Amino acid sequence: MSDQMKDRMKDIVSLCKRRGFIFAASDIYGGINGFWDYGPLGVELKNNLRDRWWHDMVIAPPLGLDGTPISIVGLDSSIIQNPKCWEASGHASGFNDPMVDCKESKKRYRADHVVVLIPKDGQGYALAFDKDAEDIEIEKRLKKLAKNKSISDFDRKSLDQIPVEDFPNIIAPDTKKAGTLTEPVQFNMMFKTTSGAKEGSDSEVYLRPETCAGIFLNFKNVLDSSRVKVPFGIAQIGKAFRNEVTPRNFIFRSREFEQMELEWFCAEEDVPKWFDFWVEQRTNFWLSLGIPKSELHFLDVPKEDLSHYSSRTIDVEYRFPFAAPDFDELEGIAHRGNYDLTQHQEFSGQKLDYFDQAENKRYLPHVIEPSTGLTRGVLALICEAYTVDENRPSGVYLNFHPSMAPKKAAILPLTAKPHHVEPAQKLYMELRDEFVVDLDIKQNIGKRYARQDEIGTPYCFTIDNETLEDHSVTVRDRNTMEQQRIPLDKVKAFLREKIYG
RNA sequence: GCGGGCGUAGUUCAAUGGUAGAACGACAGCCUUCCAAGCUGUAUAUGCCGGUUCGAUCCCGGUCGCCCGCUCCA
């Protein structure tokens, strides 16, 4: 990360706290790593993004491949589910990678990623290598550290299969002497808690590490109650929890976060076209919120990096300041196959297949999953909106799309005198049922404009002497700082036009 | 989890082994017919715990948190 972008992140974090967007959780106790609270403006911004996603997915889904509206229904499943659910999904095992550290090289390895060569004759040291190490490299190192022996003189074993008592005899991958590896440490990516007042292992439960599981668990319930037909989608927004090893970069990687996930169920043969469809839809979503195409990047995730369930994934990446000039993940669009339904069907013993009346066949639909972090989206919107402008008093303004701005408008009486304040209060009362608006009376007008700039309010309506004469107000545009005069009774229409397009 | 850096008002910074100062911000008031103007005033800080010391914000240890690099991100 460049120094300039490092400063940019610092400035953004500082503004977020100063103006009430985002605070460290448990701030007065010194904070808690990986958790964040959303302040008065942060919650408005987050709700705006959440509502927009829900609207575009569930209330008014896009037109499908044939030009007719597709079918998507909503869901809000529980954060805690039957623990068997996580065995089926692969999280219970997949989230528990034992790690070993090397005291010498200070490196850390996944135990199952390290292969150990054990001498067949039981003489001399065992040597550890990265599991992908080439034979040539291995022979080279054997020459130095195990004279007179070659690969054929050793048995191979994964490090996680070797008892800790034997560790002192192992030469770690990046060292020359034995006994530098620490005991394997378990990393539990899932938060564990207990259900029921009485603590005990049989009531151990997990906070969901992703929201999508609840969708698969309810696949049959939705089918049986909603008259949906494949292809269709189930959408969900909610919190998920992961014990990240290293929470980093403000709210980008936190341990408690919010996801917006759609599981799109379709026939296997239709996967390619629906996949492209969703990549396009999701891209348009971010573009429409003011994220320019130049700041987005589409990563066709290489095969070796794909999750265990996915055969294709495209990451929609945004140029976050901490990643610049590179990008980091904002949304993932994954083809999950029918992995999840297959697993849950097997583990639960319940039939989850879909019966297609027209084709007269049963099958497990394939799934395309556009999954995005709501809280990551919030960060992207803030980073994108943050605009330095030395020509204005605040020095900076937040260039939010009007539909995303936490406050749509501020109503400002030019002075604190009653003849300005009273009409302002009246306008405020007229607007506040439909728009989130501020009424700010105190201090000089410049200060108030500056404050609204800094929180990204797109419009300020100012009541002055002319208002009393001809029932007009000035509208100040946040981005241009220019003003125009419009009739008082056109203010609502003006805002509707600007916000909803 | 490892290594390095850091922790002083809301924010950004300053200072000191004898308990802290500014700017901006906030608040109250005056003034004010359009961009943080001017004036007066107010409140607010040494992350937490322990040690050394007559005395610690400063030195030491621990802890928590933040930043950077590894590792991790199924």
Side-chain angles (χ1 to χ4, degrees), chain A residues 1-3 5-7 9-11 13-20 23-35 39 86 89-97 99-110 112-113 174 182-190 209-210 242-250 252-255 257 305-310 322 328-329 332 373 389 391-397 412-417 419-420 442-454 460-468 473-478 481-483 485:
Chain A
M1 168 182 345
S2 68
D3 284 353
M5 285 300 120
K6 225 183 281 180
D7 290 345
M9 268 323 281
K10 272 177 94 173
D11 292 343
V13 173
S14 161
L15 175 77
C16 281
K17 172 157 199 197
R18 190 155 41 85
R19 287 304 184 186
F23 310 120
S26 307
D27 206 6
I28 62 170
Y29 288 103
I32 175 166
N33 198 1
F35 298 89
W86 309 117
S89 67
H91 290 93
S93 55
F95 265 132
N96 289 323
D97 301 321
M99 306 290 295
V100 294
D101 290 322
C102 174
K103 286 177 270 190
E104 184 76 10
S105 69
K106 302 292 181 199
K107 292 208 172 183
R108 163 171 293 179
Y109 312 93
R110 256 175 78 166
D112 62 324
H113 283 185
D174 299 281
T182 62
E183 274 182 47
V185 183
Q186 290 283 341
F187 283 82
N188 266 307
M189 298 302 284
M190 280 201 291
E210 57 182 19
R242 290 181 201 177
N243 245 326
E244 296 287 355
V245 177
T246 315
R248 277 286 161 91
N249 294 327
F250 198 28
F252 180 79
R253 174 164 294 126
S254 49
R255 292 187 167 132
F257 57 103
D305 295 339
L306 287 173
S307 313
H308 57 281
Y309 51 73
S310 181
F322 51 78
D328 218 329
E329 185 182 351
D389 179 2
N391 294 320
R392 66 176 72 205
S394 57
V396 64
Y397 66 104
L412 311 174
L414 191 55
T415 72
K417 297 262 165 63
H419 65 281
H420 287 153
K442 297 289 179 91
Q443 297 174 320
N444 72 64
I445 193 71
K447 264 190 179 185
R448 285 176 284 161
Y449 283 149
R451 185 183 298 124
Q452 298 299 334
D453 277 351
E454 232 183 7
C460 291
F461 298 109
T462 303
I463 278 76
D464 56 15
N465 286 347
E466 268 186 69
T467 308
L468 310 177
V473 290
T474 63
V475 191
R476 172 191 181 270
D477 182 280
R478 174 196 61 205
M481 297 167 75
E482 278 166 9
Q483 292 183 320
R485 215 162 236 295

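These numbers were taken from a predicted model, which means no experiment stands behind them. In what follows, every chain begins at residue 1, and chains take the letters A, B, ... in the order their sequences are listed.
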Next on the checklist: OP1 or OP2 of B/U11 versus the side-chain N and O atoms of A/K17: is any pair under 4.0 Å?
Outcome noted: yes

Item to check | P spacing across the pair B/G17 / B/G3, given as an integer number of angstrom | outcome: 30 Å

Next on the checklist: Would the distance check show the side chain of A/R19 and the main-chain N or O of A/R451 forming a donor-acceptor pair, the cut-off being under 3.5 Å?
Outcome noted: no

Next on the checklist: Using atom C1' in both nucleotides, what's the gap between B/C48 and B/U57 to the nearest angstrom?
Outcome noted: 13 Å

Checklist entry - Could you give the CE-to-P distance, from A/M9 to B/C68, as a whole number of Å? => result 8 Å

Checklist entry - Has the side chain of A/R476 got a donor or acceptor that lies under 3.5 Å from a partner of the other kind on the base of B/C34? => result no

Item to check | Contact pattern, 5' to 3', of nucleotides 21-30 of chain B - B, S or - by protein heavy atom under 4.0 Å | outcome: -----SSSS-

Checklist entry - Paired with B/A15: which nucleotide, if any, by Watson-Crick or G-U wobble criteria at under 3.5 Å for both distances? => result none

Next on the checklist: Using a heavy-atom cut-off of 4.0 Å across all strands, would you classify A/R392 as base, sugar-phosphate, or nothing?
Outcome noted: nothing

Checklist entry - Taking a pair as Watson-Crick or G-U wobble with both distances under 3.5 Å, which nucleotide is matched to B/C24? => result B/G10

Checklist entry - How long is the gap from OG1 on A/T474 to CD on A/Q483, to the nearest 0.5 Å? => result 4.5 Å

Checklist entry - Nearest of B/G1, B/C34, B/A37 to any side-chain atom of A/D464? => result B/C34

Can you pull every protein N or O that's under 3.5 Å from an N or O on nucleotides 62-66 of chain B?
from	atom 1	to	atom 2	distance (Å)
B/G65	OP1	A/N33	N	3.2
B/G65	O4'	A/G30	O	3.1
B/C66	OP1	A/N33	OD1	3.2
B/C66	OP2	A/N33	OD1	2.8
B/C66	OP2	A/N33	ND2	3.4

Checklist entry - Rounded to the nearest 0.5 Å, how far does CG of A/D464 lie from CG of A/L412? => result 11.5 Å

Next on the checklist: For the CG atom of A/L414 and the CD1 atom of A/I463, what is their distance to the nearest 0.5 Å?
Outcome noted: 9.5 Å

Next on the checklist: Let me confirm one number: the OG-CD1 distance from A/S254 to A/I32, rounded to the nearest 0.5 Å.
Outcome noted: 12.0 Å

Next on the checklist: Which heavy atom of A/P247 sits nearest to which heavy atom of A/E244, and what is that distance?
Outcome noted: CD-O, 3.9 Å

Checklist entry - For the pair made of CD1 in A/I28 and P in B/A9, what is the distance, rounded to whole Å? => result 15 Å

Checklist entry - When you measure from the side chain of A/R392 to the backbone N and O of A/A450, does any donor-acceptor pair fall under 3.5 Å? => result no

Checklist entry - C1' atom, B/U12 versus B/U8: distance in rounded Å? => result 12 Å

Next on the checklist: Distance check, rounded to the nearest 0.5 Å: A/D11 atom CG versus A/C16 atom SG?
Outcome noted: 11.0 Å

Item to check | Considering all heavy atoms, the nearest A/F257-A/P209 contact | outcome: CZ-O, 4.2 Å

Checklist entry - On a whole-Å scale, what distance lies between the P atoms belonging to B/A37 and B/U19? => result 35 Å

Checklist entry - In whole angstrom, what separates A/E210's CD from B/A74's P? => result 10 Å

Checklist entry - Can you check whether A/E210's main-chain N or O pairs, donor with acceptor, with A/R242's side chain at less than 3.5 Å? => result no

Item to check | Length of the CD-P vector between A/E454 and B/G10, whole Å | outcome: 17 Å

Checklist entry - Between B/G7 and B/G62, how far is it from one C1' atom to the other, in whole Å? => result 15 Å

Checklist entry - Within this structure, what is the CD-to-C1' distance between A/E482 and B/C34, rounded to whole angstrom? => result 14 Å

Next on the checklist: For the C1' atoms, the ones on B/U63 and on B/C6, what distance do you get once it is rounded to whole angstrom?
Outcome noted: 16 Å

Item to check | Length of the CZ-C1' vector between A/R248 and B/G5, whole Å | outcome: 12 Å

Next on the checklist: When you measure from the centre of the six-membered ring of A/Y449, is the NZ or CZ of A/R476 closer than 6.0 Å and no more than 45° off the axis?
Outcome noted: yes

Checklist entry - Which part of the nucleic acid does A/S14 contact within heavy-atom distance under 4.0 Å: base, sugar-phosphate only, or nothing? => result sugar-phosphate

Item to check | Integer angstrom distance from the C1' of B/C24 to that of B/A36 | outcome: 9 Å

Next on the checklist: Can you measure A/H420 atom NE2 to B/C31 atom P for me and round it to whole angstrom units?
Outcome noted: 15 Å

Item to check | Point-to-point distance, once rounded to the nearest 0.5 Å, from CZ of A/F35 to CG of A/D27 | outcome: 15.0 Å

Checklist entry - What's the CG-C1' distance between A/L414 and B/A37, to the nearest Å? => result 14 Å

Item to check | Closest non-hydrogen atom pair, A/M190 against A/W86 | outcome: CE-CB, 3.8 Å

Item to check | Any-strand Watson-Crick or G-U partner of B/G29, both distances under 3.5 Å | outcome: B/C39

Checklist entry - Rounding to the closest angstrom, what is the interatomic distance between B/U42 and B/U46 at atom C1'? => result 22 Å

Next on the checklist: Classify A/E329 by what it touches in the nucleic acid, base, sugar-phosphate, or nothing, heavy-atom distance under 4.0 Å.
Outcome noted: nothing

Check nucleotides 41-43 of chain B for protein N or O atoms closer than 3.5 Å to its own N or O atoms and list the pairs.
none

Item to check | Any N/O donor-acceptor pair, A/N444 side-chain to B/A37 base, under 3.5 Å | outcome: yes

Checklist entry - Picking from B/G1, B/C35, B/A36, which would you name as closest to the side chain of A/S394? => result B/A36

Checklist outcome for this item: Taking every heavy atom of A/T467 against every heavy atom of A/R485, the minimum-distance pair comes out as N-NH1, 4.4 Å

Next on the checklist: Both A/V13 and A/I463 contact RNA chain B. Taking the nearest nucleotide for each, which residue is further toward the 5' end?
Outcome noted: A/I463

Checklist entry - Between A/P413 and A/R448, is any pair of side-chain heavy atoms under 4.5 Å apart? => result yes

Checklist entry - For B/C68, does either OP1 or OP2 sit under 4.0 Å from a side-chain N or O belonging to A/N249? => result yes

Checklist entry - Which part of the nucleic acid does A/A416 contact within heavy-atom distance under 4.0 Å: base, sugar-phosphate only, or nothing? => result base

Next on the checklist: For B/U63, give the paired nucleotide (Watson-Crick: N1-N3 plus N6-O4 or O6-N4; G-U: N1-O2 and O6-N3; both under 3.5 Å), or none.
Outcome noted: B/G47

Item to check | Syn-anti status, with the boundary at 90° from 0, for the nucleotide B/U52 | outcome: anti

Checklist entry - For B/C58, which nucleotide in any strand shown is its Watson-Crick or wobble partner with both distances under 3.5 Å? => result none

